[in-house]
Amino acid sequence: MFGEYSVNNNQADSTDGDPGPDSGAVPGNLPPETASFVGRERELGLLSDLLRERRLVTLTGVGGVGKSRLALRAAADTRQRRPDGVWWVELSPLRDTELLTATVAYAVGLAPQSRRPLDEELCAWMADKEMLLVLDTCEHLVAACRHLVGELLQSAPGLTVVITSREPLGCPGENVLEVSPLPSDGPDSDALALFRARALAATPSSGAAFDDPARAALAADICRRLDGIPLALELAGARMRLWTLEQVAQRLEGRFDLLSAAAALLPRHQTMRTAIGWSHELCEPVERLLWARLSVFTGDFDVAAARAVCSGGPLPAARVERVLAGLVAKSVVRCTRERGAGARYRLLDTIREYGQDWLAELGEERIVADRHAHWYAALSKAADPGWMGPGQVDWYRRMTAEHAQLRTALEHLLRSDPTAALETAGALWFFWFSCGHVLEGRAFLERALRTGPRSGAAYAQALWALGLTTLLQGELATAEELGRRCTDAAAALADPEPELRAAYLHAVSVMMPGDSVRALALAGPRARGGHGGRPTGVGWLLCRLATGYALCDLGRFEEAELEARGLRESCAELGERWLRAYADYILAVAAFGLGHYGEAARHARAMLSGKRLLGDRFGIALGLDLLAASVAAMGDGELAARLLGTGHAWWRTVGRPQMGSPSLTALRDHGERNARAAIGDEAYESAFLGGTAASTS
C-alpha cells in the first residue's frame, strides 16, 4: 500500500507509451516518444558511457538536430535507472528566470511551502538522492541554468544532469557532446532511413519510390542537400503526401539556390532556416497565417485555444481546425496527445521561432498576445467556480495541462493589463494553494497586487489568495496580517462570500500557532451566521473546516464530529473532493481523540484517497501522520513506522514539517512513541527507512 502514496504524484507528467529500447518502466516523468527513433547508435553509446562516468553532460547542436530526442532515448534506457528516478524538465516554455528553480522542483515532485530560499530547499532535498535530471532546451536560460546546476551538483553527490542547449552552460566539469546531423552519404545512411520513415508515415504508398535505385539515389541527394538535419528531413518527408520525389528535389533545389547568398548564418543554421523557409513557402496562405499566430503559444495547446487566439481576417474561426490539421500533416505542428476532443498540439522551438519572425512582419505581435492572454484569463475565471464542484478533478487536470500557457498569459497581463492580471491571479487561488504551485502563485499574486487596483472584488480575492499561500509556507504572522487586510477589503464590498473567506484565513492563521478559541470566534457557527451567505459557498464551507479543526484542538471531539459530518455532506452534494477529504481528516482526528482508533484509520484512508486525486502533497503528508498514529494506537508498530517514513518523505516535499503546528507535531510524535514501544527502536528505524524508500519508488 505504500507505493500508493509515492512522492511522484505529478499526474500531468505521468509517462505512458513505450519509453525506449527497453520497455521496463522508468521511475520519474519521462515523456513518451512520439515517433520512431532512427540511428544514433554511436552517440547513444558515447552518451551512455558519459552518464556512467560524468555528472554533467550537455548536448549541443543546431536547432532541429535532435538533441531532445537523443536525450530522451538515452534517459529512457533501463541502464540509466537511478534509485530516486529519472526526471525530465522541459524549459522551452519558460521565460522568467525567477521561476526556473520552481519549475525544476515541481517536475521532480518537490512543492516546498516554506520561505527558505528555494535554491537551498531544492539542494537540501536532493542532497541524499541518486537521480538523473534532464533539463531540456536551456539556451534561453543559460546563466540561470549554470547557477542552479552548479549548486545542485555541489549539494547532491548522487545527482547526474543532462542538458540540451544550443550552447554549453560553461560549468566546471561540464562534458559537451555536440550532436551532429545524421550521416547522409550512401544508400544505407541514417538520414535516408529517417526521410523514408517520415515519407511512409505521410503516405504508405511512397515506399515504392525508395525501392527504385535511381529514385533512391535522388532521395539520398535530398538528404545531402538537407545536411542530414532530422527536422529538415521530417519536413521534407511530410511533403511526400502531395508530391513525388522528383517534385521535392526540384523545389528544394530552387529554394536553396535562391537563399545561397544568405551567408550570415553558419552553414547548418542556414540549412535549417532554409528548410523551414521552404516548408513555409509551400504552405497555403492561411496555413502561413495560422503558423505565425500559433507562435504565441508556449508549450502545447488545444483546438479551442487555437480557434480563439488565431482566428480573424482571412482565417475565420470555423476554418482553424481544418487549417491546423494541414499544418500537422506537413509536420509543422506536432500532435502531442491523441486526436479528438482531448487532442493537444505544439510547435517545436525552431518552428515557433520562425513563426514569431513572421508574426512580427505581419505587425500582429501585440494583438495576438492580447488574445492569448485574455483567453487564458477567461479560462481562469471559468475555473474559479468550478474548483469546488463536481468538475474539480477535471479542472485540476485541465489547468495543469495549461500551466505553461497560464504563466505566459500572466506575464503578458502584468505588463499590459494590471487589472486583468489581478483578476486572473486571484481566480487561480485553488491552483496555487492546493495543486503544488504555492511559490509561483505567491510571486504572481505579489506582482499583481503591486501593479493592480487597491480596492474592489478582484483586490480582495487576490489578497485572500496571497494569504493562503503564506499560510502554507508557515508564515503565520504574515497570514494573520493579510487576514485582517482581507477582512477590511471584504467589508467594503457588502458581500458575505469574501467576508467568510477572510474569516477562514484569519481563523487558521491564529489557530495554527495554538489559539483555537480565537479561531472558533472568527469562523464558528455564530460568526458564520453573522456574516450570512450561502451554506454551500466556498467561504462558508472553509469556515466549517476551520471550526472542525479548532474544536478538535479544544478537545470537543463530539462537536467536531458533527461539524465535520455536516461539512462532508455539503461537499458530497456539491460533488467536491478536496474539501471533503479534509472533512474526513477532522472525522479521523475526532475519532482518534475519542479512542476509536479503527474508525480513525478508516477516515484517514478515505482522506488520503481524496488527496491523491488532486496531488495535494500537504494533505497527503497530514493524512499519513494521522493514519500512522491510529494504527500505532492499535498496536501495529511496524505499519505505523513505515507510514511515518512515507509521511516524512512527503513532508520533505512540502517544506516545514507539520507546518510548525504544536498540535500536528504532538500527533505525529504520539504515533512514533507508540510504534517504538510496540516493536522497539531497532525495528522501528528499519521500518521507518523502508517506508521512506518505498515512498520514492
Side-chain angles (χ1 to χ4, degrees), residues 35-46 59-70 73 166 177-283 330-332 348 350-351 354:
S36 59
F37 190 89
V38 175
R40 301 292 194 195
E41 287 83 2
R42 186 189 67 83
E43 291 95 331
L44 281 169
L46 181 56
L59 305 182
T60 64
V62 64
V65 81
K67 301 180 294 294
S68 298
R69 290 295 309 278
L70 179 60
R73 172 54 60 123
R166 295 180 196 175
L177 176 61
E178 183 175 357
V179 180
S180 301
L182 293 172
S184 55
D185 292 327
D188 299 318
S189 72
D190 289 340
L192 183 58
L194 177 62
F195 180 41
R196 185 178 191 276
R198 297 301 180 260
L200 286 171
T203 174
S205 62
S206 65
F210 292 86
D211 295 333
D212 177 74
R215 301 180 78 194
L218 183 61
D221 184 60
I222 290 172
C223 295
R224 283 191 295 273
R225 295 298 302 269
L226 292 173
D227 281 345
I229 297 175
L231 180 55
L233 294 167
E234 292 186 8
L235 292 171
R239 299 309 302 176
M240 294 291 289
R241 186 183 302 271
L242 299 175
W243 292 350
T244 64
L245 270 174
E246 289 79 7
Q247 288 173 316
V248 171
Q250 181 183 14
R251 300 188 186 198
L252 181 62
E253 182 177 359
R255 173 69 185 178
F256 269 68
D257 290 344
L258 179 64
L259 295 184
S260 60
L265 297 174
L266 295 174
R268 285 172 183 165
H269 290 272
Q270 183 180 344
T271 299
M272 189 67 255
R273 293 286 291 182
T274 301
I276 295 175
W278 173 65
S279 186
H280 185 264
E281 286 190 351
L282 298 177
C283 289
K330 294 176 175 67
S331 291
V332 172
L348 293 181
T350 311
I351 299 280
Y354 195 93

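The structure presented is a predicted model; accordingly, all values stated were derived computationally and were not measured.
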Report summary line: Residues passing the salt bridge (Lys or Arg N to Asp or Glu O under 4.0 Å) test with Asp221, sequence neighbours excluded, are Arg224
Query raised in the report: What pairs with Arg69 under salt bridge (Lys or Arg N to Asp or Glu O under 4.0 Å), at least two apart in sequence or on another chain?
Result: none
Considering only heavy atoms from C-beta outward, does the side chain of [X] approach that of [Y] to under 4.5 Å?
X      : Y      : result
Lys67  : Arg166 : yes
Ser331 : Arg198 : no
Pro230 : Arg40  : yes
Val65  : Leu70  : no

Requested in this report: Write down the atom of Val38, the atom of Ala193, and the distance for their closest heavy-atom approach.
Outcome: CG1-CB, 3.8 Å
Query raised in the report: Of all heavy-atom pairs between Leu44 and Gly39, which one has the smallest distance, and what is that distance?
Result: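 Reported closest heavy-atom pair: CD1-O, 4.4 Å.
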Spacing of [atom1] belonging to [X] relative to [atom2] belonging to [Y], to within rounding of 0.5 Å:
X      : Y      : atom1 : atom2 : result
Phe195 : Leu235 : CZ    : CG    : 11.0 Å
Asp190 : Arg42  : CG    : CZ    : 11.0 Å
Cys223 : Leu182 : SG    : CG    : 9.0 Å
Leu192 : Asp185 : CG    : CG    : 11.0 Å
Arg196 : Met240 : CZ    : CE    : 10.5 Å

